[in-house]
Amino acid sequence: MLWKKLVAVALVLGMLPFSLALADDDGYKTPEDAVKAFAKALAKNDLDDALDTFCIEEQARSYDMGGWLQKTQAYDAIHMTQPAPNSNEMFRDINESVLEGFVARQIFLLCGGFFADKLFLEQPVAGDAKQWASNLALRIDPARLRDLKVDSIEVPQDAGDFPARAALIGAEEATQRTVVFALGDTRREVNLWLARYGKRWYIAEITEVGGEMDSAVEPVPTYVVFDPVVTPAP
């Protein structure tokens with residue numbers, strides 16, 4: 001879009017801060033609105049709309065690498081979601097691309113989790129590998145998300161040091177929501193970190209995905225793979 005190109009030039013020239021460069025229709029009025037838009041995008045199988053609920057570009061443009069390194073006392077270019085200093089346009093684009101890929105992986109793992117009985121950090125592939133892959137595709141077919149709903153959105157009691165988190169990504173404010181997604185009889189609890197740029201809210205990160213509620217499955221990080229036992233699609 002032309003307005004985005006003009007905004008990019010203004011940002012480079014230092015003519016306006018990033019939070020003031022956002023269009024009125026970017027982002028959401030409340031954290032809850034962002035969560036509901038995310039669920040709607042997943043139900044439609046629309047990755048672009050799902051990614052738009054995240055502040056990917058905003059983080060890449062405003063990321064405080066020095067503050068992050070001071071907090072972690074470590075630099076890991078392989079695993080960091082924003083490995084480059086945002087000192088020039090190419091590095092900012094690299095950070096945006098890496099972060100978008102990370103968020104897309106989180107979305108994939110969240111969607112697949114609705115149809116998996118077991119979650120693993122790593123697992124062997126025994127037997128026919130091609131059949132294994134076919135079974136996985138059938139098991140986690142995203143078309144089965146069409147009835148996905150938001151069951152509840154709560155503010156957790158221990159929300160952490162969100163002013164510090166907001167500062168690290170150049171946001172005015174940050175918060176967290178514990179969301180229960182419903183798909184048929186399945187309920188899955190997810191923790192989302194959200195950030196406000198200007199007057200608009202976005203999802204910043206999926207921080208944790210719990211197992212199916214009322215089950216023995218423990219919460220796991222969002223970088224797991226799934227047991228591809230075949231379950232016929234409805």
Side-chain angles (χ1 to χ4, degrees), residues 1 4-5 7-23 26-28 31 34-35 37-38 41 47-111 121 159-177 190-209 220-225:
M1 288 185 179
K4 285 192 173 181
K5 293 181 179 179
V7 165
V9 172
L11 288 169
V12 170
L13 296 177
M15 295 170 59
L16 74 169
F18 193 88
S19 62
L20 297 182
L22 302 176
D26 277 0
Y28 303 89
V35 171
F38 177 57
L47 179 60
D48 286 339
D49 280 0
L51 290 171
D52 282 346
T53 65
F54 285 77
C55 50
I56 295 171
E57 181 182 3
E58 292 78 7
Q59 290 191 60
R61 301 289 160 178
S62 307
Y63 171 56
D64 178 9
M65 172 176 270
W68 176 256
L69 295 177
Q70 185 174 9
K71 175 181 174 63
T72 62
Q73 294 296 298
Y75 176 70
D76 181 358
I78 301 299
H79 297 101
M80 290 173 66
T81 56
Q82 299 191 71
N86 63 354
S87 54
N88 63 63
E89 190 68 19
M90 186 182 80
F91 280 176
R92 287 189 288 270
D93 288 345
I94 287 172
N95 283 341
E96 184 175 343
S97 296
V98 173
L99 183 56
E100 182 175 292
F102 172 74
V103 170
R105 181 184 292 269
Q106 288 186 311
I107 292 172
F108 166 68
L109 296 171
L110 171 63
C111 293
L121 290 174
D161 187 4
F162 281 102
R165 287 195 180 191
L168 289 176
I169 60 171
E172 280 77 15
E173 186 180 356
T175 188
Q176 184 172 315
R177 293 293 183 271
V190 178
N191 287 322
L192 300 176
W193 170 31
L194 301 102
R196 178 175 62 81
Y197 289 85
K199 296 181 179 180
R200 313 296 283 183
W201 284 95
Y202 303 81
I203 301 171
E205 186 178 343
I206 303 172
T207 58
E208 186 178 61
V209 179
V220 296
T222 54
Y223 45 81
V224 296
V225 295

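- A distance of 8.5 Å separates CG in D26 from CD in E57, rounded to the nearest 0.5 Å.
- Within the 4.5 Å cutoff, side-chain heavy atoms of T175 are placed close to those of W201.
- Applying the ring pair (Phe, Tyr, Trp, His ring centres under 6.0 Å) test to every pair with at least one member in residues 66-98, sequence neighbours left out, gives no pairs at all.
- Applying the side-chain contact (heavy atoms from CB on, under 4.5 Å) criterion to T81, with sequence neighbours excluded, gives L99, F102.
- Contact check for V190 versus F38: no side-chain heavy atoms found under the 4.5 Å cut-off.
- Atoms CD and CD1, on Q106 and I203 in that order, are 10.0 Å from each other to the nearest 0.5 Å.
- Residue pairs meeting the salt bridge (Lys or Arg N to Asp or Glu O under 4.0 Å) criterion with at least one member in residues 93-102, sequence neighbours excluded: R61-D93, R61-E96.
- Closest non-hydrogen pair, L168 versus G67, comes out as CD2-C, 3.3 Å.
- The ring pair (Phe, Tyr, Trp, His ring centres under 6.0 Å) search around Y63 returns none, not counting sequence neighbours.
- Distance check: Y202 OH to E58 CD gives 4.5 Å after rounding to the nearest 0.5 Å.
- Taking each heavy atom of S62 and Y197 in turn, the nearest pair found is OG-CE2, 4.2 Å.
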Between M90 and I94, is the side-chain contact (heavy atoms from CB on, under 4.5 Å) condition met? List the steps.
CA-CA 6 Å; M90 186 182 80; I94 287 172; 4.3 Å; yes
Indicate every side-chain donor-acceptor pair of residues 47-55 with a distance under 3.5 Å to a residue at least two apart or in another chain.
from: D49; atom 1: OD2; to: K44; atom 2: NZ; distance (Å): 3.0
from: T53; atom 1: OG1; to: A50; atom 2: O; distance (Å): 2.6

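- Shown here are the side-chain contact (heavy atoms from CB on, under 4.5 Å) partners of V35, two or more places apart in sequence or in another chain: V150, I153, V179, L192, L194.
- Closest approach of P85 to M65, counting heavy atoms only: N-CE, 3.7 Å.
- The two residues A74 and L69 come nearest to each other via the heavy atoms O-CD2, 3.2 Å.
- With hydrogens and angles disregarded, a donor-acceptor distance shorter than 3.5 Å links the side chain of N95 to the backbone of A84.
- Checking side-chain atoms of R196 against main-chain N and O of G198 turns up a donor-acceptor pair under 3.5 Å.
- In this structure, I169 and A195 approach most closely via the heavy-atom pair CD1-CB, 3.8 Å.
- Rounding to the nearest 0.5 Å gives a distance of 10.0 Å between CD of Q176 and CD of E205.
- The backbone N or O of N86 sits less than 3.5 Å from a side-chain atom of R92, completing a donor-acceptor pair.
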